[in-house]
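Since the structure comes first, as structure tokens, the remarks are kept for the end.
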Amino acid sequence: MTESKRRIVIIGGGFGGLFTALDLAGGGEITLINEEDHFLFKPMLYEYLSGEVQAWHIAPDCRELLDNQTKFIRGRVTNIDPNGQTVSLADHKELSYDVLIFSPGAITNYAGVEGAEKFSLPFRTLDDANHLRRRMTEALDHVQPELEAPGNLRESSTAP
Ligand SMILES: Cc1cc2nc3c(=O)[nH]c(=O)nc-3n(C[C@H](O)[C@H](O)[C@H](O)COP(=O)(O)OP(=O)(O)OC[C@H]3O[C@@H](n4cnc5c(N)ncnc54)[C@H](O)[C@@H]3O)c2cc1C
């Protein structure tokens with residue numbers, strides 16, 4: 001089989017998967033599979049949370065970043081069969097591959113800390129940031145308007 005005919009399937013459209021697809025462009029029949037339709041520049045998720053940037057600044061559509069020859073599938077891979085060289089998607093589609101690149105990133109690790117999962121919020125995706133923003137807004141809505149600012153409180157507590 002010629003290199004250009006190799007079926008290369010990449011699971012995960014994050015830093016690893018997306019940049020591998022860009023580097024391999026033209027080196028085979030490339031298919032990138034990602035759960036989301038967008039790539040996410042995670043180092044700027046904080047700026048998205050604080051409203052300094054918009055979603056489109058840090059989460060461009062994967063299709064816009066890939067060249068025309070690379071096929072993009074939005075979907076969740078649920079099974080890999082290394083013997084049959086196939087991957088299955090949640091919608092029951094199946095894809096055959098000659099080369100498989102596995103780059104699904106990581107999940108939040110609570111490291112066995114008791115209560116961490118229950119009392120903290122994950123911060124890895126746009127949805128996580130949106131959820132956190134809603135929680136912060138709700139919390140601010142409960143602040144009493146007449147409550148003194150912390151600086152004033154400190155000053156008044158040291159006053160004679
Ligand atoms: C808030 C935050 C800030 C960060 N800041 C920095 C920084 O400043 N500098 C730095 O070096 N690193 C930073 N990191 C770490 C950096 O983002 C990660 O190291 C990097 O994203 C890892 O790349 P990846 O391709 O392995 O995984 P990811 O970027 O997580 O991409 C994995 C992709 O695979 C997809 N996927 C997963 N499972 C499946 C499946 N079954 N089927 C289909 N698709 C699937 C996911 O949806 C995701 O799109 C930060 C991380 C976070 C969360």
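Just follow the structure's listing: the first ligand is 1, and inside any ligand the first atom is 1. Below, all heavy atoms of this structure are taken into account, side chains as well, without hydrogens, waters or symmetry copies.
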Main-chain N/O of Ser96 paired to Gln85 side chain as donor or acceptor, under 3.5 Å: no
Residues Leu22, Asp67; criterion side chain to side chain contact (heavy atoms under 4.5 Å, CB included); working and verdict: CA-CA 8 Å; Leu22 293 173; Asp67 70 292; 5.5 Å; no
Does the protein put a heavy atom less than 4.0 Å from [atom]?
atom                    : result
atom 6 (C) of ligand 1  : yes
atom 12 (N) of ligand 1 : no
atom 22 (C) of ligand 1 : no
atom 15 (C) of ligand 1 : no
atom 34 (O) of ligand 1 : yes

Considering only the protein, which heavy-atom contact is closest to [atom], and what is its distance?
atom                    : value
atom 37 (C) of ligand 1 : Pro104 O, 3.1 Å
atom 18 (C) of ligand 1 : Phe15 CD1, 4.7 Å
atom 49 (O) of ligand 1 : Asn34 OD1, 2.8 Å
atom 53 (C) of ligand 1 : Phe123 O, 3.5 Å

Could you pull out, from [options], the option with a heavy atom nearest to [atom]?
atom                    : options               : result
atom 30 (O) of ligand 1 : Arg76, Arg124, Lys42  : Lys42
atom 43 (C) of ligand 1 : Gly105, Gly14, Gly75  : Gly75
atom 8 (O) of ligand 1  : Ser103, Pro122, Pro43 : Pro43

Subset of ligand 1 atoms that lie under 4.0 Å from at least one heavy atom of Gly13: 33 (C), 34 (O)
Is there at least one pair of N or O atoms, one from [X] and one from ligand 1, spaced under 3.5 Å apart?
X     : value
Val77 : yes
Glu35 : yes
Gly12 : no
Gly16 : yes

So do the side chains of [X] and [Y] get within less than 4.5 Å of each other, counting heavy atoms only?
X      : Y     : result
Asn130 : Tyr48 : yes
Thr31  : Ile10 : no
Ile11  : Ile80 : yes
Glu47  : Ile58 : no

Check ion pair Arg76-Glu35 (N to O, under 4.0 angstrom): yes
